[in-house]
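First the structure, in the form of structure tokens, and then the observations on it.
Chain naming here is simple, since letters A, B, ... match the order of the sequence lines and numbering starts at 1 in each. Reckoned from all heavy atoms, side chains included, excluding hydrogens, waters and symmetry mates.
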Amino acid sequence: MTAVRTRFAPSPTGVLHLGGLRTALYNWLFARRHGGEFFLRIEDTDRQRSSEAHTKGLVEALGSFGLDLDGEPLLQSSRVERHREVARALLERGAAYRCYCTPEELAAMREEQRARGEVPRYDGRWRDRAGPPPVGVKPVIRFRRPDAEEVVVRDWLHGEVRYRNSQLDDLVLLRADGSPTYHLSCVADDHDMGVRQVIRGDDHLNNTPRQLQLIEALGWEPPEYCHLPLLLAPDGRKLSKRDEATDALSYLRAGYLPEAVLNYLARLGWSHGDREIFSISELIECFGREGLGASASRLDPDKLNWIGQQHIKTAAVDILCEGLRAQLESIGLNPEDGPPLEKVVEAWRERAETLAGMAKAARWAFSHEVELAEKAARKVLRPAAREPLAAARAALAGVAEWSAPGIHACIAETAESLGIGFGKLGQPLRVAVTGDTVSPPIDTTLDLAGRARTLERLGAALGYIEARAAAAAGSAAQG
RNA sequence: GUCCCCAUCGUCUAGUGGUUAGGACACCGGCCUUUCACGCCGGCAACAGGGGUUCGAAUCCCCUUGGGGACGCCA
């Protein structure tokens, strides 16, 4: 097997989006799988649209997902001298030439071609032009496309893709201001970095024949290519950059575990038998080009949620605690002012899809007041619940050890003495303490709320029932 | 417009000439249960259409349709 060296080469014109993250992931997985190297190259040759902030953001985002780099990120802009050198070499050996067309002239040319129903492409008018160049026009350097019949791209997913050479034109290598363009930079950098596998988006497939010709003209060894299909929005449309769901980091902010996002992304366009859940190391173990699919896939939030939950179920407690802490803080709650986070995590690890969801569901264990959900209160905190609640409150006040088993015994005893089922007592308690009808098992719930909060809220609930009874009596008397 | 890519349940996919077309998410039942969830059992549900090749096509070829991409002194 040849050496494995992959790279992710985004342009710093925005945040890291999901499609980019998946491309990075596949490159990373492939390198890690084969003990190769994974590089990051920032394609910032378009200074107009590139920004340092985005570069930083890209590097940090990859780090947040745990995709570690070999070596420092390479800024393409730092290599323009080398790119010019390559262009000069091509010029010297006649594989490139100067073109003195103005942008206006080119635009007019394309317009005419389009009008004639032709494919707009440079017609090579300066290819072999002799004589003096026009004054006042700075030339660009164009690549002299070779005269082959066709160019064949060998791709992991698409096999041999054939392009008629006549469809290609003489691409610009160096702009009039001397700055290199994408194809030149990309080819030169990949070569100099020793990149052997180019795994990138499908949108580059049509660029590949040109790059292949360039590589050939330079006498270099072409890398292997893999053009990944696109990621689509859930509705099947193209993923919009303005869409919040496009920002890879937004999933971390929403409380998904990084490995859950990676697991989901990995399975989107790649499969390994019937297997759905992978840890990062399992992904590295299993990942291979055999499992790659060639068709575009849609994002499915439901499936992401399910995978998110599967990972929370098995994640390490301290990781979960750390994430939960951040999520609690972000909704204005003090993680110290409540039960130990490990307990919260254990209570919810099988019922949360995200850490944000967990924090939200557990907010009653950290907040001072509990908001009664109107529907739940109306349904459960009825006059009939008054006596059981009062009895439970009295009994709970005297529980020797405030723990789930202790609480359980206490509630069971109270229910029995009242001649009602455990569940009959559980729901009023739950609504009183958490404000709603859904929470972990009631003993655990009360344990998490703590004795003080529990007793206080039971008192409040009793008050609520009183008030309601009074109101009912009032309206009955009036009617 | 030209070129290129893609096409199996609603979604992600398995399948590589002979399968009752498998799994997962979602959805619908049921079990478990102290609410919710987890878990378990069951159900619904697909080879885009048309031609070939073949004893036999989801699998190979062609066309159509549909979706996507590329056609810059952007990357």
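- Listed by chain and number, the residues in a side chain to side chain contact (heavy atoms under 4.5 Å, CB included) with A:Glu350 are A:Lys313 (sequence neighbours excluded).
- Partners of A:Tyr97 under the ring pair (Phe, Tyr, Trp, His ring centres under 6.0 Å) rule, at least two apart in sequence or in another chain, do not exist in this structure.
- In this structure, the side chain to side chain contact (heavy atoms under 4.5 Å, CB included) partners of A:Pro139, at least two apart in sequence or on a different chain, are A:Arg98, A:Tyr100.
- Judged as a ring pair (Phe, Tyr, Trp, His ring centres under 6.0 Å), and not counting sequence neighbours, the contacts of A:Trp156 are A:Phe30.
- Applying the salt bridge (Lys or Arg N to Asp or Glu O under 4.0 Å) test to pairs two or more places apart or on separate chains, those with a residue in residues 157-170 of chain A are A:Arg127-A:Asp170, A:Glu149-A:Arg164, A:Glu150-A:Arg162, A:Arg154-A:Glu160, A:Glu160-A:Arg162, A:Asp169-A:Arg210.
- Here the two rings, on A:Tyr264 and A:His311, have centers that are 6.0 Å apart or farther.
- Within the nucleic acid shown, A:Asp177 has no heavy atom closer than 4.0 Å to any nucleic acid atom.
- For residues 405-437 of chain A, every residue pair satisfying the ring-ring contact (aromatic ring centres under 6.0 Å, His included) rule, not counting sequence neighbours, is listed here: A:His408-A:Phe422.
- Taking the side chain to side chain contact (heavy atoms under 4.5 Å, CB included) definition, one finds that A:Arg349 meets it with A:Ile312, A:Val317, A:Leu320, A:Val345, A:Glu346, sequence neighbours left out.
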Practice item. Indicate for each nucleotide in nucleotides 22-40 of chain B, in 5' to 3' sequence, whether protein heavy atoms under 4.0 Å reach the base (B), only the sugar-phosphate (S), or nothing (-). Key: BBBBS-------BBBBSS-

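- A:Asp44 is linked by a side chain to side chain contact (heavy atoms under 4.5 Å, CB included) to A:Pro12, A:Ile42, A:Ser50, A:Leu75, A:Gln76, A:Ser77, counting only residues two or more places apart in sequence or in another chain.
- Residues satisfying the ring pair (Phe, Tyr, Trp, His ring centres under 6.0 Å) test with A:Phe278, not counting sequence neighbours, are A:Trp270.
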Under 3.5 Å between N/O atoms: give me all the protein pairs with nucleotides 1-4 of chain B, atom names plus distance.
| from | atom 1 | to | atom 2 | distance (Å) |
| --- | --- | --- | --- | --- |
| B:rG1 | O2' | A:Gly117 | O | 3.4 |
| B:rC3 | O2' | A:Gln167 | NE2 | 2.9 |
| B:rC4 | O2' | A:Tyr163 | OH | 3.3 |

Restricting to nitrogen or oxygen on both sides, can you table the protein-nucleotides 57-64 of chain B pairs closer than 3.5 Å?
none

